[in-house]
Amino acid sequence: MLKYRRILLKISGESLAGESGYGIDAGVLESFADEIREATDLGAEIALVIGGGNIFRGLSTAAASMDRVQADYMGMLATVINSLALQDALERKGIYTRLVTAIKMEQIAEPFIRRRAVRHLEKGRVVIFGAGTGNPYFTTDTAASLRAIEIEADVIVKGTRVEGVYDSDPEKNPDAEFFPNISYVDVIRKNLRVMDMTAITLCRENTLPIVVMNMNTKGNFTRLLKGELIGTLVHVGDE
């Protein structure tokens, strides 16, 4: 029995870069594909949203002087590149996938249609949502929250390279306080960098729990789905 059956997994673009800090690391892709395959073997229905920072951050100097809307569209295309890379890694593991984008690009992906995406999940396919929401001024965190609500996911899992939510960056502050669970309101009040405020508000209004966990620790994802206390749970709490 799985604690969470339908999951929206949010992965940052930077996590795909590995130690290099930019581009796509083949070893990281392989590791993520293995984790997702183990979860699907258990019967989980997995949807994915991937950021584009590993590609677009390298253009940050040029983007600083760009029109914001133009820069955001470039970021959306970066998420599609990452989505194609992970789709390839998953299919080499024998996992059936569908890449679904908010911006039409029929030669490489399906356009987002909610009912079709849900049907793919029901058939055991991993669904990758690319191009964010298709609108400028919205982050991939917000896209993940929106898609999770639309497909009626049980939880959003945000895969990071730290163990969960802290009061400061644990990679810079060894005394950072870890929160095993925290409410949406406290995340907003303490200005914690879990997801952007729009994404947190969407989850709060729809009582969609968020789990923040270290995706680089092998087996963490499947242990979470089986019910182990992994990472930080962001939930309604005592609001």
Side-chain angles (χ1 to χ4, degrees), residues 8-18 20-25 28-29 32 47-88 97-114 116-117 126-151 153 156-161 169 184 187-188 191-206 208 210 212 215 234:
L8 189 296
L9 175 60
K10 167 63 168 61
I11 301 173
S12 70
E14 287 86 351
S15 66
L16 295 184
S20 66
Y22 63 90
I24 299 172
D25 185 293
V28 173
L29 278 180
F32 285 172
L48 290 154
V49 170
I50 309 169
N54 57 317
I55 296 170
F56 193 63
R57 292 290 184 275
L59 303 172
S60 57
T61 302
S65 59
M66 281 184 183
D67 174 76
R68 168 63 189 274
V69 174
Q70 194 82 339
D72 280 359
Y73 279 122
M74 289 174 65
M76 291 177 214
L77 295 179
T79 72
V80 177
I81 293 173
N82 284 337
S83 297
L84 285 166
L86 188 53
Q87 181 183 38
D88 179 75
T97 68
R98 289 293 186 275
L99 173 55
V100 177
T101 57
I103 299 172
K104 288 185 178 180
M105 42 188 80
E106 289 93 338
Q107 286 83 354
I108 61 174
E110 294 181 6
F112 172 69
I113 299 172
R114 175 186 169 273
R116 183 181 292 175
V126 171
V127 177
I128 307 170
F129 295 116
T133 66
N135 302 288
Y137 298 100
F138 291 93
T139 67
T140 49
D141 280 346
T142 299
S145 300
L146 177 62
R147 296 293 182 245
I149 293 163
E150 288 178 306
I151 66 172
I156 293 180
V157 176
K158 182 165 184 181
T160 69
R161 60 186 185 186
D169 187 347
Y184 305 111
V187 166
I188 296 170
N191 196 29
L192 301 177
R193 300 175 68 86
V194 176
M195 300 174 90
D196 68 69
M197 293 299 105
T198 304
I200 292 292
T201 301
L202 268 174
C203 291
R204 181 189 177 204
E205 290 177 348
N206 292 275
L208 176 65
I210 306 164
V212 182
M215 193 66 186
V234 184

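- Taking each heavy atom of Ile151 and Ala47 in turn, the nearest pair found is CD1-CB, 3.8 Å.
- Shown here are the side-chain contact (heavy atoms from CB on, under 4.5 Å) partners of Thr133, two or more places apart in sequence or in another chain: Asn135, Phe138, Ala143, Leu146.
- Distance check: Asn82 CG to Leu48 CG gives 11.5 Å after rounding to the nearest 0.5 Å.
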Derivation of the side-chain contact (heavy atoms from CB on, under 4.5 Å) call for Met215 and Arg161: CA-CA 6 Å; Met215 193 66 186; Arg161 60 186 185 186; over 6 Å; no
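- Looking at heavy atoms from C-beta onward, Tyr73 lies in side-chain contact with Ile103 at the 4.5 angstrom threshold.
- Minimum interatomic distance between Ala148 and Ile156 (heavy atoms only, all atoms of both residues): CB-CG1, 3.6 Å.
- For the atom pair CD (Glu150) and CG (Leu8), the distance works out to 10.0 Å, reported to the nearest 0.5 Å.
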Verdict with supporting geometry, Lys104 and Glu106, side-chain contact (heavy atoms from CB on, under 4.5 Å): CA-CA 6 Å; Lys104 288 185 178 180; Glu106 289 93 338; 3.8 Å; yes
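- Between Lys158 and Asp141 there is a salt bridge, since at least one side-chain N of the basic residue sits less than 4.0 Å from a carboxylate O of the acidic one.
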Worked check of side-chain contact (heavy atoms from CB on, under 4.5 Å) between Thr79 and Ile50: CA-CA 6 Å; Thr79 72; Ile50 309 169; 5.7 Å; no
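- Put simply, the side chain of Arg98 never gets that close to the backbone of Val127: no donor and acceptor are under 3.5 Å apart.
- The two atoms that bring Pro136 and Met76 nearest to each other are N-CE, 3.5 Å, heavy atoms only.
- Counting heavy atoms from C-beta on, the side chains of Lys10 and Val157 never come closer than 4.5 Å.
- Judged by distance alone, with hydrogens and angles left aside, the side-chain atoms of Asn206 form no donor-acceptor pair with the main-chain N or O of Leu208 at under 3.5 Å.
- For the atom pair Leu29 CG and Gln87 CD, the distance stands at 12.0 Å (nearest 0.5 Å).
- Annotation: cation-pi pair Arg147/Phe112 present, NZ/CZ under 6.0 Å from the ring centroid and within 45° of its normal.
- What you find for Met195 and Ala144 is that their closest heavy atoms are CE-CB, 4.4 Å.
- Atom OH in Tyr184 sits 5.5 Å away from atom CD1 in Ile210 (nearest 0.5 Å).
- Between atom CD1 of residue Ile128 and atom OG of residue Ser83 there is a gap of 6.0 Å, rounded to the nearest 0.5 Å.
- Shown here are the side-chain contact (heavy atoms from CB on, under 4.5 Å) partners of Thr101, two or more places apart in sequence or in another chain: Val80, Leu99, Met105, Ala109, Ala131.
- Between the CG atom of Asn54 and the OG atom of Ser15 there is a distance of 7.5 Å, given to the nearest 0.5 Å.
- For Asn191, the side-chain contact (heavy atoms from CB on, under 4.5 Å) test picks out no residue, with sequence neighbours left out.
- Residue Cys203 comes nearest to Ser145 through the heavy atom pair SG-OG, 3.5 Å, listed as atom of the first residue, atom of the second, then distance.
- For the pair Phe32/Leu9, no side-chain contact is recorded, criterion being any heavy-atom separation below 4.5 Å from C-beta on.
- Using a 4.5 Å heavy-atom cutoff, the side chains of Ile11 and Val49 are not in contact.
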